[in-house]
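These notes are about the structure you will find just below.
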Amino acid sequence: LELIQHPEGGYFKEVYRSDESLEENSLPIRYGSSRNFSTSIYFLLNGNQFSSFHKLKSDEIWHHYDGCSITIYLIDASGTLELKVLGKDLEKEQSFQITIPKGSWFAAKPDDENSFSLIGCTVAPGFEFNDFELGKREELISLFPLYRKLIVDFTNE
Ligand code: GUN
């Protein structure tokens with residue numbers, strides 16, 4: 001798949017970027033410049049890897065393609081923690097597709113450390129690293145002291 005390292009952990013490749021753009025003045029002010037309509041990536045985490053806490057300016061849709069299920073840890077702006085499982089076993093309350101709301105801090109880890117999770121991540125307007133913020137451990141702990149252990153487990157100093 002020609003994946004390369006992602007700063008949040010794991011590996012990715014962008015597989016789609018719309019060839020049309022939205023101008024800055026037609027987007028919410030938080031974007032600050034134009035964006036492609038939409039982008040999509042393949043994203044792979046090995047069983048011993050995790051996606052560290054980060055947040056985006058846009059909703060992001062995750063799709064399960066292959067490997068084991070993956071648990072997503074979401075902390076919304078009000079500090080509520082929610083766990084969701086992306087996977088194919090609908091009887092175990094897994095979902096093929098999960099949307100991560102804009103502005104939520106989220107992290108993820110494959111459920112079987114001897115497997116991997118291959119997923120797709122689609123975002124609109126299209127992804128720019130300017131819209132991506134990697135969480136800093138001490139800042140997240142001071143925002144959400146209740147989740148100190150989770151934050152330590154899912155950040156790199
Ligand atoms: N392109 C580079 N990184 C990402 C990401 O985390 N999500 C999406 N949707 N696109 C990306």
Side-chain angles (χ1 to χ4, degrees), residues 1-18 35-141 143-157:
L1 295 177
E2 303 178 316
L3 308 179
I4 58 171
Q5 264 183 344
H6 200 292
E8 77 194 54
Y11 307 93
F12 81 107
K13 183 175 71 175
E14 189 172 276
V15 285
Y16 172 71
R17 177 169 289 268
S18 168
R35 292 287 181 278
N36 297 94
F37 282 2
S38 176
T39 56
S40 178
I41 58 169
Y42 292 142
F43 183 50
L44 176 86
L45 286 170
N46 285 319
N48 60 356
Q49 295 181 311
F50 61 87
S51 161
S52 54
F53 272 107
H54 63 288
K55 68 175 178 178
L56 298 175
K57 290 181 188 172
S58 311
D59 296 343
E60 181 170 59
I61 306 171
W62 282 28
H63 313 258
H64 193 268
Y65 293 145
D66 208 352
C68 66
S69 59
I70 175 166
T71 299
I72 304 172
Y73 300 81
L74 282 149
I75 306 175
D76 71 17
S78 75
T80 304
L81 172 69
E82 210 181 339
L83 272 60
K84 295 189 173 187
V85 184
L86 185 73
K88 299 211 171 65
D89 193 341
L90 304 186
E91 290 179 354
K92 288 191 182 158
E93 299 202 24
Q94 300 176 2
S95 304
F96 294 139
Q97 185 178 308
I98 288 174
T99 299
I100 290 104
K102 62 179 179 292
S104 288
W105 290 102
F106 66 109
K109 187 171 177 24
D111 292 329
D112 177 355
E113 65 180 17
N114 298 311
S115 183
F116 65 92
S117 299
L118 177 66
I119 69 174
C121 309
T122 303
V123 67
F127 184 90
E128 292 295 335
F129 274 102
N130 224 9
D131 304 335
F132 168 94
E133 184 180 345
L134 204 52
K136 293 192 186 69
R137 179 176 285 172
E138 293 310 322
E139 281 179 24
L140 287 183
I141 289 172
L143 280 172
F144 310 114
L146 226 51
Y147 307 131
R148 162 183 280 278
K149 179 170 184 330
L150 183 74
I151 291 164
V152 168
D153 287 350
F154 288 95
T155 50
N156 302 298
E157 295 125 281

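- In terms of the salt bridge (Lys or Arg N to Asp or Glu O under 4.0 Å) criterion, Asp76 has no residue partners (sequence neighbours excluded).
- Here Glu14 pairs with Arg17 under the salt bridge (Lys or Arg N to Asp or Glu O under 4.0 Å) rule; sequence neighbours left out.
- Judged by distance alone, the side chain of Asp59 and the main-chain N or O of Pro101 form no donor-acceptor pair under 3.5 Å.
- Contact record, Asp111 with Ser69: OD2-OG, 2.5 Å, taken as the closest heavy-atom pair.
- Of all heavy-atom pairs between Leu81 and Tyr73, the closest is CD1-CB, 4.4 Å.
- Closest approach of Ala107 and Ser52 over heavy atoms only: CB-C, 4.1 Å.
- Taken to the nearest 0.5 Å, the OH atom of Tyr42 stands 11.5 Å off from the CG atom of Asp66.
- Side-chain atoms of Leu134 and Thr155, non-hydrogen and from C-beta on, never get closer than 4.5 Å to each other.
- Atoms CG and OG, on Leu90 and Ser95 in that order, are 7.5 Å from each other to the nearest 0.5 Å.
- In this structure, the separation between CD on Glu138 and CZ on Arg148 is 6.5 Å, given to the nearest 0.5 Å.
- Note: Asp153 CG to Arg137 CZ = 8.5 Å, rounded to the nearest 0.5 Å.
- Counting only heavy atoms from C-beta outward, the side chains of Lys102 and Leu56 never approach each other to under 4.5 Å.
- Contacts of Phe53 classified as ring-ring contact (aromatic ring centres under 6.0 Å, His included), with partners at least two apart in sequence or in another chain: none.
- Note that CZ of Phe144 and CD of Glu139 are 11.0 Å apart. Values are rounded to the nearest 0.5 Å.
- For His64, the ring-ring contact (aromatic ring centres under 6.0 Å, His included) test picks out no residue, with sequence neighbours left out.
- For Tyr147, there are no ring-ring contact (aromatic ring centres under 6.0 Å, His included) partners at least two apart in sequence or on another chain.
- Looking only at distances, no side-chain donor or acceptor of Asp89 sits under 3.5 Å from a matching main-chain atom of Gln94.
- Within the 4.5 Å cutoff, side-chain heavy atoms of Leu86 are placed close to those of Ile119.
- Phe116 pairs by the ring-ring contact (aromatic ring centres under 6.0 Å, His included) definition with nothing, not counting sequence neighbours.
- Checked against the 6.0 Å centroid criterion, the rings of His6 and Tyr11 do not qualify as a close aromatic pair.
- Thr39 places none of its side-chain heavy atoms less than 4.5 Å from the side chain of Glu128.
- For the pair Leu1 and Leu118, the minimum side-chain heavy-atom distance is below 4.5 Å.
- Nearest heavy atoms, Pro125 versus Arg35: CB-CB, 3.6 Å.
- Counting only distance, with no hydrogens or angles, the side chain of Lys109 and the backbone of Gly47 share a donor-acceptor pair below 3.5 Å.
- Between the CD atom in Glu8 and the CZ atom in Phe50 there is a gap of 10.5 Å [rounded to 0.5 Å].
- The closest donor-acceptor contact from the side chain of Thr71 to the backbone of Val85 lies at 3.5 Å or more, if one exists at all.
- Across Ser115 and Cys68, no two heavy atoms sit closer than the pair OG-N, 3.5 Å.
- In Lys88, the NZ atom is crowded: over 12 heavy atoms of neighbouring residues, nucleotides or ligands sit closer than 6.0 Å.
- In this structure, Phe129 and Pro7 have side chains that are in contact, with non-hydrogen atoms separated by less than 4.5 Å.
- Shortest non-hydrogen contact noted between Trp62 and Ile72 is CE3-CD1, 3.7 Å.
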Fill in: Stepwise side-chain contact (heavy atoms from CB on, under 4.5 Å) check, Ile41 with Phe127
CA-CA 10 Å; Ile41 58 169; Phe127 184 90; over 6 Å; no
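- Among Glu60, His63, Gln97, the one residue that satisfies the side-chain hydrogen bond (donor to acceptor under 3.5 Å, both in side chains) test with Thr122 is His63.
- Partner Phe154 forms a side chain to side chain contact (heavy atoms under 4.5 Å, CB included) with one of Ile151, Val152, Asn156, Leu150 and no other, that one being Leu150.
- Using a 4.5 Å heavy-atom threshold, the side chains of Phe12 and Leu44 count as separate.
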